[in-house]
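Note that ligands are numbered from 1 as they come in the structure, with each ligand's atoms numbered from 1 the same way. Atom set for the values below is all heavy atoms of this structure, side chains included, hydrogens, waters and symmetry mates excluded.
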Amino acid sequence: MTMCVFCEIINGNIPSTKVYEDDMMLAFKDLNPVAPVHFLCVPKKHIESANDVDELNSVYVKHIFEKIPEIAKSQGISSYRIINNCGSDAGQTVMHLHFHVIGGVELGEKLI
Ligand code: AMP
Ligand code: ZN
């Protein structure tokens with residue numbers, strides 16, 4: 001099984017500030033937040049990137065997106081941006097699929 005920093009967080013070998021957890025996903029605060037609210041949602045399965053989502057594992061993505069509204073609400077936000085960086089040219093530094101949820105500040109309309 002591939003081990004990576006997010007797998008280690010899921011397994012409890014690296015500490016994190018958890019904001020939500022169930023049998024399919026973990027959400028925890030980003031170590032380097034770019035907004036007052038910035039957490040990461042990761043599947044409890046090592047999927048490298050959005051390029052590796054398929055019909056067998058997309059249930060994890062479905063589940064994460066079903067849960068994001070309630071997790072965001074628990075963090076005090078109902079307006080937020082969801083970001084996925086896919087591949088190193090797009091800024092993906094941890095090769096375990098994850099969705100950034102950022103908010104708590106006026107983000108504006110521009111993506112970059
Ligand atoms: P990305 O650049 O899209 O791959 O995002 C990776 C994110 O993971 C970055 O925003 C990092 O700040 C964050 N990160 C890396 N290691 C940890 C960690 N141990 N705990 C929390 N967040 C982390
Ligand atoms: Zn992993």
Atoms of ligand 1 close to Gly91 [distance to a heavy atom under 4.0 angstrom, numbered from 1]: 1 (P), 2 (O), 3 (O), 4 (O)
Those atoms of ligand 1 less than 4.0 Å from some heavy atom in His100: 1 (P), 3 (O), 5 (O), 7 (C), 10 (O)
Angle at the Zn ion (ligand 2) (to 10°), with one arm to SG of Cys4 and the other to SG of Cys7: 120°
Side chains of Gln92 and Asn85, donor plus acceptor under 3.5 Å: no
For the Zn ion (ligand 2), the closest N/O/S atom belonging to His46: ND1
Partner of Pro43 under side-chain contact (heavy atoms from CB on, under 4.5 Å), chosen from Asn57, Val61, Ile64: Ile64
Ion pair check, Lys67 and Glu70, cut-off under 4.0 Å: yes
Closest approach of any protein heavy atom to atom 19 (N) of ligand 1, naming residue and atom: Ile9 CD1, 3.6 Å
Contact check, Thr17 vs ligand 1, heavy-atom distance below 4.0 Å: no
Proximal atoms of ligand 1 relative to Asn85 (non-hydrogen, under 4.0 Å): 1 (P), 2 (O), 3 (O)
Within 6.0 Å of CG in Asp54, more than 12 heavy atoms from elsewhere: yes
N or O contact, Leu31 vs ligand 1, cut-off under 3.5 Å: yes
Atom of His96 closest to the Zn ion (ligand 2), considering N, O or S atoms: ND1
CA sep, side-chain torsions, deciding dist, call: Ile14, Val5, side-chain contact (heavy atoms from CB on, under 4.5 Å): CA-CA 8 Å; Ile14 293 177; Val5 62; 3.7 Å; yes
Enumerated ligand 1 atoms positioned under 4.0 Å from heavy atoms of Thr93: 1 (P), 2 (O), 4 (O), 5 (O), 6 (C)
Lys45 atom NZ, over 12 foreign heavy atoms within 6.0 Å: no
Side chains of Lys29 and His38 in contact at under 4.5 Å (non-hydrogen atoms): no
Under 3.5 Å: N/O of His38 near N/O of ligand 1: no
Element-labelled atoms of ligand 1 that are located less than 4.0 Å from some non-hydrogen atom of His98: 1 (P), 3 (O), 4 (O), 5 (O), 6 (C)
Residue portion contacting ligand 1 (non-hydrogen atoms closer than 4.0 Å) for Phe99: neither
Numbered atoms and elements of ligand 1 in range of Phe28, under 4.0 angstrom, heavy atoms: 21 (C), 22 (N)
Any N/O pair Asp30/ligand 1 closer than 3.5 Å: yes
Ligand 1 atoms in contact with Gln92 (distance to a heavy atom under 4.0 Å): 4 (O)
Numbering as shown, the atoms of ligand 1 that approach Val94 to under 4.0 Å (heavy-atom distance): 4 (O), 6 (C)
